[in-house]
Amino acid sequence: MPFTAKDTQCMALALQLSSKGRHTVHANPMVGCVVTHSGEIIAQDYHREFGKGHAEANALAQIDGQASGATLYVTLEPCSHHGKTPPCTEAVIAAGVTKVIIATLDPNPLVSGKGVQMLEDADIAVEVGLLENEAKSLNRGFIKRMQTGLPFVTSKIAMSLDGKTAMTSGESKWITSEAARVDVHKLRRDNQVILTGSGTVLKDNPSLTARLPENSVTPTRVVIDSNNQITDKKLNVFSNDAQTLVINSDNCDSAANGKVDLKAALLKLGKMGINTVLVEAGSGLNGALQQVGLIDELVIYTAPVLLGSDATSMMQLPITEMGNKIKLQISDCRQIGVDMKITASFE
């Protein structure tokens with residue numbers, strides 16, 4: 001049975017609600033829920049905070065758990081297992097809901113479909129797939145971690161029009177405009193971790209915090225330090241504004257070249273419940289991550305300036321033939337101040 005315009009409207013509202021939990025659900029997915037009866041919305045809520053009530057339970061609590069004959073819209077398959085909270089499927093069944101419309105199934109292959117099965121076993125009609133792409137995009141980090149153990153990795157790069165990110169002397173402030181730098185702080189705020197390398201820390205001494213007037217979110221700073229060089233606790237990455245984790249040979253596996261195994265480092269973050277990582281690093285770490293396929297998305301701020309042939313390129317990539325060029329798929333392009341912001345993924 002095709003979804004109606006009203007169905008789409010309700011699920012769109014549920015998605016809008018779910019995004020409100022972006023900075024507070026941490027390892028959990030963002031989930032929104034809308035409950036209707038006779039075509040009217042009678043309850044709506046979202047998963048507000050890690051370890052606390054899920055979206056379905058929060059919405060049903062608004063109507064004292066009484067939803068006989070109602071339709072429930074939820075952006076992710078209701079959970080079917082006991083965790084920090086009871087299974088949402090039990091609350092939905094107990095409330096008397098007669099129909100559940102789900103945007104997308106649980107990405108965890110061990111539990112995917114089990115919530116649907118429990119609902120159907122209770123004679124509740126279930127439909128799946130309304131605004132599924134939008135729901136998957138919203139929780140892309142959680143989905144990737146559930147399926148692979150790895151977080152979703154975005155690399156932020158600020159460069160000149162000729163693809164340079166710094167002078168050979170190391171000087172890199174400021175290539176892009178103030179407007180672009182403000183936008184970067186928003187990008188930081190929307191990720192759980194900001195990842196950099198020891199070279200960037202020692203050269204630029206960055207703070208790597210999300211500095212916004214309304215901001216109370218503090219992403220964790222992670223430094224890849226293969227040679228155990230980051231020992232000075234007076235460096236800005238050790239300021240009290242945020243937590244900092246240094247990953248080195250003492251706490252992570254090393255690759256064949258003796259450097260920290262980058263996939264092992266990201267798996268370590270995944271085990272910590274990290275869904276999203278923003279890379280702010282130099283050409284070496286960016287190139288190394290790309291060569292082993294660990295970057296999911298690029299966000300490139302391009303300034304209308306030229307830095308010339310002696311400047312450093314955005315990534316160290318050993319490409320010598322045109323046939324080995326790396327293709328990108330651009331998903332968004334917009335102007336930020338005088339700069340262009342390009343969002344792209346690897347084909």
Side-chain angles (χ1 to χ4, degrees), residues 1-108 111-139 142-143 146:
M1 182 178 178
F3 297 113
T4 66
K6 180 67 175 180
D7 290 335
T8 302
Q9 180 184 3
C10 290
M11 188 62 80
L13 174 58
L15 284 166
Q16 183 181 351
L17 289 167
S18 68
S19 66
K20 291 184 177 184
R22 181 181 301 277
H23 306 127
T24 52
V25 299
H26 304 307
N28 286 351
M30 293 170 272
V31 183
C33 178
V34 171
V35 185
T36 68
H37 194 286
S38 302
E40 299 297 324
I41 295 175
I42 59 174
Q44 60 184 56
D45 215 320
Y46 62 100
H47 179 35
R48 294 171 176 265
E49 190 175 345
F50 177 77
K52 296 190 177 179
H54 289 185
E56 303 94 317
N58 289 344
L60 290 171
Q62 296 177 0
I63 49 177
D64 297 323
Q66 303 301 309
S68 181
T71 296
L72 183 144
Y73 299 83
V74 63
T75 57
L76 185 69
E77 179 182 10
C79 60
S80 57
H81 59 281
H82 284 269
K84 293 182 180 295
T85 60
C88 291
T89 48
E90 291 183 0
V92 173
I93 292 168
V97 171
T98 56
K99 185 176 183 179
V100 175
I101 297 179
I102 301 167
T104 187
L105 296 177
D106 191 316
N108 187 338
V111 298
S112 181
K114 290 185 178 179
V116 169
Q117 188 63 55
M118 286 181 66
L119 294 172
E120 291 179 337
D121 288 345
D123 294 326
I124 296 175
V126 179
E127 294 184 27
V128 180
L130 178 57
L131 299 184
E132 182 173 20
N133 290 337
E134 291 83 351
K136 287 182 175 180
S137 177
L138 182 72
N139 278 309
F142 176 77
I143 290 171
M146 286 295 101

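Values below: every heavy atom of this structure, side chains too, minus hydrogens, waters and symmetry copies.
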Candidate pair Leu13 and Ile41, rule side-chain contact (heavy atoms from CB on, under 4.5 Å), full reasoning: CA-CA 11 Å; Leu13 174 58; Ile41 295 175; 3.7 Å; yes
Greater than 12 external heavy atoms within 6.0 Å of Glu132's CD: yes
Quick one: are [X] and [Y] in side-chain contact, heavy atoms under 4.5 Å?
X	Y	result
Val31	His54	no
Glu127	Lys99	yes
Ser80	Leu119	no
Thr89	Glu56	no
Leu72	Cys33	yes
Thr8	Leu130	yes
Thr104	Thr75	no

Where do [X] and [Y] come nearest, in terms of heavy atoms and distance?
X	Y	value
Met118	Ile93	O-CD1, 3.8 Å
Phe142	Leu76	CE2-CD2, 4.5 Å
Val34	Ala14	CG2-N, 3.9 Å
Asn28	Gly51	ND2-N, 4.0 Å
Gln44	Leu17	CB-CD1, 3.7 Å
Ala59	Val35	CB-CG2, 4.2 Å

With no hydrogens and no angle check, is any side-chain donor or acceptor of [X] less than 3.5 Å from a backbone partner on [Y]?
X	Y	result
Ser137	Glu134	no
Asp64	Gln66	no
Thr36	Gly39	no
His47	Gly53	yes
Glu77	Leu105	no

Once rounded to the nearest 0.5 Å, what's the spacing between atom [atom1] of [X] and atom [atom2] of [Y]?
X	Y	atom1	atom2	answer
Met11	Ile102	CE	CD1	8.0 Å
Met30	His23	CE	NE2	8.5 Å
Tyr73	Gln9	OH	CD	9.5 Å
Cys10	Ile101	SG	CD1	8.0 Å

Give the intermediate values and the outcome of side-chain hydrogen bond (donor to acceptor under 3.5 Å, both in side chains) for residues Asp121 and Gln117. CA-CA 6 Å; Asp121 288 345; Gln117 188 63 55; 2.8 Å; yes
CA sep, side-chain torsions, deciding dist, call: Arg22, Leu138, side-chain contact (heavy atoms from CB on, under 4.5 Å): CA-CA 9 Å; Arg22 181 181 301 277; Leu138 182 72; 3.6 Å; yes
